[in-house]
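In what follows, chains carry the letters A, B, and so on, assigned in the order in which the sequence lines appear, proteins first and then strands, with residues in each chain numbered from 1. Quantities reported herein were computed from a predicted structural model and do not represent experimental measurements.
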Amino acid sequence: MAGMRAPGNAAVAQSIELERASVRLGAREIWGDVSMRMDRGEFVALLGGNGSGKSTLLKVVLGAIPLASGRVSVLGNPAGAANRAIGYLPQRRSFDESTRLRGSDIVRLGLDGDRWGFPPPVAWGRSAARQQAARARVAEVIEMVGAGAYAGRPIGQLSGGEQQRLLIAQALVRRPELLLLDEPLDSLDLPTQASVAALVQDVCRDAGVGVLLVAHDVNPLLPYIDRVVYLAGGHAVEGTVEQVITSETLTDLHGVPVEVLKASDGRLVVVGQPEAPAHHHDRHAHAAGDHTHAHAI
Amino acid sequence: MPSESASPTLSWNLARDLGEVLEYHFMVNALLAGSVVAVMAGLVGWLMVLRRQAFAGHTLSMMAFPGASGASLVGIPAAWGYFAFCGAGALAIGRLSGRGRGTSPEQGARIGAVQATALALGFLFVSLYGGVLGDLESLLFGNILAISDGQLLLLAAVAFAVLATLGALARPLLFASVDPDVAGARGVPVRLLSGGFLLLLAVAVAATSQITGPLLVFALLVAPPATAQLITVRPAVSLLLSVLLGLMIVWLGMGIAYFSVYPAGFFISAIAFAVYLLVRIAVGLRGRSASARGAADARPAEARA
């Protein structure tokens, strides 16, 4: 089982393809008429404000939320059919300080935690070889994310960045063809954000894994990503950063005047971006009580 | 207990003392039953502690009170009442607490409501029963020195079923316990496992209650696993340690009780708590000296980050 290739359709060049897709939760349309294509081995950032439906899009790709209309194809299969080939890292996951398991145990659960039974306490022959292969694979991904120094410590006592690296290792341990990372940079400090983004790019290049990474702020990702998908106002635009993060595109998307400013250090600042209704706890927002405000995306 | 044997005295010859203990059929049954309970509680309790469901476990053990009094009321064996009420309690907690682990305050309140209702029912059954209920003391503290061969057999069968099920569910259950979101995305039936584990816990508690009594189940369900998890973070070693600690506590507790006039339940609980306390202190001291050592080289690391 360890090291087994998951069932993606290798003949298909797209890892994700959405065509005129829309999603409803109850009576509310989260987004509609969204089309996007993501090629294999691409590193794409999924951007947008709170409540714009970024996590919903990941769940559509996983087949956990059905489309109201349109079509979705994941690794050449209907959504949900190729989940074995997807590494998924959910939003805002951290382990309680008192969780008494090692980081390497968490990674190992990603490899075979969904199999019934338990690994034999004493093994010989083929069974021993399988155990050996599983341990080697766990050690290999832990090395790949640079977590070797602390993987043996209790997961709850590691820093946010260290936990995030181990969780990325967990998502990678089955050699997925597609990684879905939901706000992996959230609640990390700036240098750690940069190093995790660089790690994800390495994984994307070296292992040829397609990565769709949800983020609030594009700036820490700028040096690493290939393209962006921007969700706002119930619609999406995709393209390179230069194509998408412009005053014209974002004004169209939001339906209100939006201005993109470029700081001298290359950072992008979006001014006038409206907040999604009923979500007013954005960590980057400072102008409380104002309906529009400057916002670094 | 001293009334049943001609006032046993402890000599300095341990082999002779042990021989004397094992001469009595009731003591052999007690030790066997205690060992079965220690193994089952050590393994089921390990997951309970990891899942932070100690309060749910405590509530399930309280179910033994309405279970036993209800059984007396309708005139069926107490064991049936234990199993019926513990099972019903597990279903109630499972339905009320919903998704996730038993950590949120709201979940605590819901489980507390189940517990209060169960205890109230128990009192109602006692008063409906009229008269004095059998012996309330053995109802609350169990009667480990009066285990019949039939009870021992039932206990062993229940333990076997519980452990076989636990073994079959082990890995996905561990995954769903520590990392429910990813486990769910990988196709692990997280909710079903959560309900299933509560039922396993209920059966284990019901079987154990008859031996140690509902008030002392907790000693064996919580203390050995919590102690083991303090000592090591390696899951396999920790599970083994939890079982060994449980066995040691039970044997020691019963051994001391045999030569004393006080009940075995007290010694078992007291030893369990003492071991936990000692390990906690030892781990705390080691942690402090380690952090004192580490403080010097931790600072450059922080500066680097």
Side-chain angles (χ1 to χ4, degrees), chain A residues 58-59 61-64 80 83-84 86-96 98-122 149-150 152-157 159 161-162 166-167 170-171 173-174 176 180 182 188-189 191-192 195, chain B residues 43 46-47 49-52 54 100-101 103 163-190 193 196 225-242 283 287 290-291 294 298 301-305:
Chain A
L58 293 196
K59 287 184 179 136
V61 171
L62 284 167
N83 279 7
R84 285 194 56 86
I86 299 177
Y88 172 52
L89 194 148
Q91 194 176 8
R92 235 165 274 174
R93 200 156 49 109
S94 62
F95 292 89
D96 201 289
S98 57
T99 303
R100 299 294 289 167
L101 280 181
R102 293 167 297 177
S104 55
D105 295 321
I106 300 294
V107 177
R108 175 66 189 258
L109 283 172
L111 183 67
D112 56 11
D114 56 346
R115 296 183 65 205
W116 300 105
F118 53 92
V122 257
Y150 45 80
R153 294 197 1 228
I155 185 95
Q157 289 171 16
S159 74
E162 289 167 342
L166 284 162
L167 290 175
Q170 186 201 46
V173 69
R174 272 198 195 165
L180 304 177
D182 202 346
L188 301 180
D189 56 37
T192 314
S195 72
Chain B
L43 296 173
W46 190 86
L47 268 161
V49 169
L50 192 76
R51 291 172 66 84
R52 282 151 233 273
R101 297 183 289 169
T103 42
L163 294 186
T165 314
L166 199 65
L169 303 181
R171 222 164 4 191
L173 187 56
L174 181 65
F175 200 3
S177 300
V178 295
D179 203 356
D181 291 338
V182 172
R186 286 280 168 88
V188 172
V190 176
L193 281 173
T227 311
Q229 289 186 18
L230 276 180
I231 294 173
T232 176
V233 282
R234 304 171 70 92
V237 181
S238 183
L239 276 164
L240 187 70
L241 208 57
S242 173
V283 168
S291 66
E302 270 168 336
R304 235 180 300 131

Pairs under 3.5 angstrom only: tabulate donor-acceptor contacts from the side chains of residues 234-241 of chain B to other protein residues two or more places apart or in another chain.
residue: Ser238(B); atom: OG; partner: Trp46(B); partner atom: NE1; Å: 2.7

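With sequence neighbours left out, the side-chain hydrogen bond (donor to acceptor under 3.5 Å, both in side chains) criterion links Arg108(A) to Asp112(A), Gln131(A). Scored by the side-chain hydrogen bond (donor to acceptor under 3.5 Å, both in side chains) test, Arg186(B) finds no partners at all (sequence neighbours excluded).
When heavy atoms are compared at a cutoff of 4.5 Å, Ser98(A) approaches chain B by way of both its backbone and its side chain. Within the 4.5 angstrom heavy-atom criterion, atoms from both the backbone and the side chain of Asp114(A) approach chain B.
In terms of heavy-atom proximity, Asn83(A) sits nearest to Leu62(A) at ND2-O, 3.0 Å. The minimum heavy-atom distance between Arg102(A) and Gly152(A), with the atom names listed, is CG-O, 3.3 Å.
Side-chain contact between Phe175(B) and Val182(B): present, with at least one pair of heavy atoms (C-beta onward) separated by less than 4.5 Å.
The environment of Phe118(A) atom CZ is sparse: at most 12 non-hydrogen atoms of other residues, nucleotides or ligands sit within 6.0 angstrom.
Along residues 225-232 of chain B, the residues that come nearer than 4.5 angstrom to chain A, judged on non-hydrogen atoms, are Gln229(B), Leu230(B), Thr232(B) in order of number.
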